Amino acid sequence: MDIRAQVSMVFHLDKCVGCHTCSVACKNIWTDRRGTEHMWWNNVETKPGTGFPTLWEDQEKYKGGWVKKGKKLTLRLQGRVRTLTNIFHNPNLPTVDEYFEPWTYRYDDLFNSPEGHDQPTARPVSQVTNRPVDIVSGPNWDDDLGGSAIYARNDPNLKSLTDEERAQLRKLERIAFFYVPRICNHCLNPACVAACPAGVAQPGAIYKRGEDGIVLINPEKCRGWRMCVSACPYKKSYYNWATGKSEKCILCYPRLESGHAPACFHVCVGRIRYLGILLYDASRIKETASVDDAELVEAHRAIIQDPNDPEVIKAAKANGVSDNMISTAQRSPIYKFVKEWRLALPLTPQFRTLPMLFYVPPLLPVLAAVKDGHYDIAGVADEELRPLLGSLDKLRVPLRYMASLFAAGNVGIVEQVYRKLIAVRIFMRAQRVKDMPDAEMQQILAQANTTPEEVRAIHHLTAKPTFEQRFVIPPLNREMAVEATVDPYQHAHEAGFSFRKVIKRR
Ligand code: SF4
Ligand code: SF4
C-alpha cells in the first residue's frame with residue numbers, strides 16, 4: 001500500500017440553483033486580469049447542454065483524457081513522438097469561438113454622450129478586436145435551456161440514448177434540466193500532468209503536490225506548449241495569451257492553507273459544496289484507471305481507503321501523512337458521500353483521469369412534474385414515488401442519460417443512487433406526517449439497501465449541515481503554509497515524506 005492524502009470535493013446537484021455566484025467569486029479573485037478573459041476556472045452549465053467550452057465532452061473533437069488499448073492506458077492526445085512534431089503547432093485546442101469572444105462595455109458612453117432624445121447605452125465591445133460586437137455566445141449562454149435546439153439537443157451524452165429516450169427527453173427539455181457546476185477535479189491520474197512536454201526536461205511545470213494532491217502549474221517552469229489544455233478532458237487548463245503560460249484552478253490553496261474554504265465553496269448560495277480529505281492507495285492508480293468502462297466507478301470507490309482501518313493508518317504514517325491529516329480524513333464528509341453511502345459519483349469517469357470531485361445526481365429533474373402547463377416544483381406525490389422504487393425505468397429523465405454523465409454508461413450504479421435518494425425522501429416525509437406502516441417502510445429501506453440511521457445521517461448532511469461539517473479542512477496546513485513560502489517541500493523533507501514531488505508519466 002502507498003497511502004496518500006487528497007483534498008476532495010462533493011457537489012450535491014439537487015441543491016444548485018444556478019446562480020453563478022461561485023463563478024463570479026472565482027473570476028473576481030483569480031482571473032480578472034489581461035490574458036484571462038476567456039478563463040472560467042469555475043463555470044456552471046445547464047444539462048442537457050453542450051457546456052463550456054462548447055461540446056467539451058466530445059473527445060473525438062478535443063482528444064482529451066486517456067484511452068484503454070488492450071491492457072495499455074495511453075493518452076488520447078498523442079504519444080511522445082507526436083508531441084514533439086506538434087510542439088510548435090498544437091492542433092487540438094479549443095478556438096475562441098468554442099470558448100466565446102470575450103467582451104466588455106463602453107461605459108464612457110454612459111457618462112460622456114451628448115445630450116439627446118434617448119438614454120445612452122453602453123455597447124458591448126470585443127476584448128479581442130476592440131470593436132463593437134454582437135454577442136453570440138458566452139460561458140453560460142445555454143442557461144436554463146436558452147436556445148435548447150442548438151444546445152440541449154446537441155449534448156454529446158444523448159448519443160448513448162435510444163431514439164425513444166431522446167424523444168422522451170426532448171418532450172421534457174423545457175422542464176427537465178439541472179445545473180452542473182464544474183472546477184478542476186484535481187484528478188488522481190491527471191492527463192494534464194502526463195501530457196506536459198516540459199515535464200521531461202524540467203519536471204514540475206505542472207504537478208500534483210505531495211501533501212494534498214492539488215494539481216498546480218508552476219509559471220516559472222511552464223513553457224506554454226499547451227498540451228495540458230488539450231489533454232484535460234474537462235478543459236480546465238487554460239492558456240494565458242498575455243503571459244504565454246498555462247493556468248488552472250488552484251483550489252484556492254492559499255485559503256486552504258490558512259484554514260479557509262475555497263472562495264467558490266465559501267460563497268455557494270445553495271450550500272451544495274463539501275470539502276474534505278480522502279486517503280487513497282497510489283500504488284493502484286494505473287490498475288484502477290485501466291478497468292472496463294462498466295467497472296470504473298466501483299474501482300474508483302475501491303482505491304479510496306478506510307481512514308479508520310489500522311493498516312491504512314500505519315501505511316499513511318509510514319508515508320509521512322500527518323496525524324492531523326488522518327484525523328481530518330476520519331471526519332471527511334466526502335468519505336461518507338462517496339464510500340459509505342455510495343451516493344456521490346465522478347463526472348464522466350470514462351475519461352479515466354480518476355477525478356476527485358464527485359457529484360450527487362439530482363433527484364428533481366428525474367421526478368419533476370408539469371401540471372396545467374406549469375412546472376410543479378413539488379414534483380410527483382409521495383404515493384407515486386413508492387412504485388417508482390421498483391421500476392426506475394419510468395423516471396422522467398432516462399437513467400441512461402445520467403449513467404453517461406456519472407457512471408461511464410453503467411445504469412445499475414445510477415439506479416442504486418436513485419433508489420437511496422428516493423428512500424430518503426419517503427422516509428423523512430413519513431417521519432413527519434406519520435402516514436406509513438412500519439412494515440412498508442422497512443420494505444422500502446431494504447429495496448434501497450439502507451437503514452433508518454443512514455437515512456437520517458444523509459438527510460442531516462444534505463439539508464442542515466453546519467459550515468464546519470461541510471468543510472473539514474486539515475488545520476496542519478496552516479503551519480505548512482508558512483514554510484511553503486520558503487520551500488513547499490521543506491516540511492515534507494523534514495518529516496521524512498517519501499512523496500514524489502511530481503507524478504511522473506505513466
Ligand atoms: S480536471 Fe484538472 S487535474 Fe484533471 S486533467 Fe483536467 S486540469 Fe488536470
Ligand atoms: S454558487 Fe452554488 S448554488 Fe450558485 S451556481 Fe454555484 S454551485 Fe450552484
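Start at 1 and go down the list; that is how both ligands and their atoms are numbered. Everything numeric in this text was worked out from a predicted model, so none of it was measured.
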Practice problem: Would you mind counting protein N, O or S atoms that sit less than 2.8 Å from atom 6 (Fe) of ligand 2? | Solution: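 My tally for this metal is 1.
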Self-check item: Expected output: side-chain Lys420 to main-chain Trp341 donor-acceptor under 3.5 Å
Solution: yes
Quiz prompt | Heavy-atom donor-acceptor pair, Asp212 side chain to Gln6 backbone, under 3.5 Å | solution = no
Practice problem: Quickly, which of Phe406, Phe265, Tyr274, Phe337 forms a ring-ring contact (aromatic ring centres under 6.0 Å, His included) with Phe11? Name it, please. | Solution: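 That would be Phe265; it is the only one of Phe406, Phe265, Tyr274, Phe337 passing the ring-ring contact (aromatic ring centres under 6.0 Å, His included) with Phe11.
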Self-check item: Contact check, side chains of Asn240 and Met39, non-hydrogen atoms, under 4.5 Å
Solution: yes
Practice problem: Please indicate how many protein N/O/S atoms are found closer than 2.8 Å to atom 4 (Fe) of ligand 1, with waters neither displayed nor included. | Solution: 1
Quiz item: Are a donor atom and an acceptor atom from the side chains of Asn43 and His20 found within less than 3.5 Å of each other?
Solution: no
Quiz item: Can you tell me if Thr95 and Asp97 form a side-chain donor-acceptor pair at under 3.5 Å?
Solution: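 Short answer, no.
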Quiz item: Should the heavy atoms of other residues, nucleotides or ligands under 6.0 Å from CZ of Arg271 be counted, would the total exceed 12?
Solution: no
Quiz prompt | Tyr253 atom OH, neighbour heavy-atom count above 12 within 6.0 Å | solution = no
Practice problem: Mind listing the closest non-hydrogen atom pair of Leu363 and Arg425 along with its distance? | Solution: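 Scanning both residues completely, I find the closest heavy atoms to be CD2-CD, 4.4 Å.
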Quiz item: Against heavy atoms of Lys248, which atoms of ligand 1 measure under 4.0 Å?
Solution: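 That gives atoms 2 (Fe), 7 (S) of ligand 1.
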Quiz item: With under 30° as parallel and over 60° as perpendicular, where do the rings of Trp56 and Tyr234 fit, or are they tilted in between?
Solution: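 Rings of Trp56 and Tyr234: tilted, as their planes differ by 30° to 60°.
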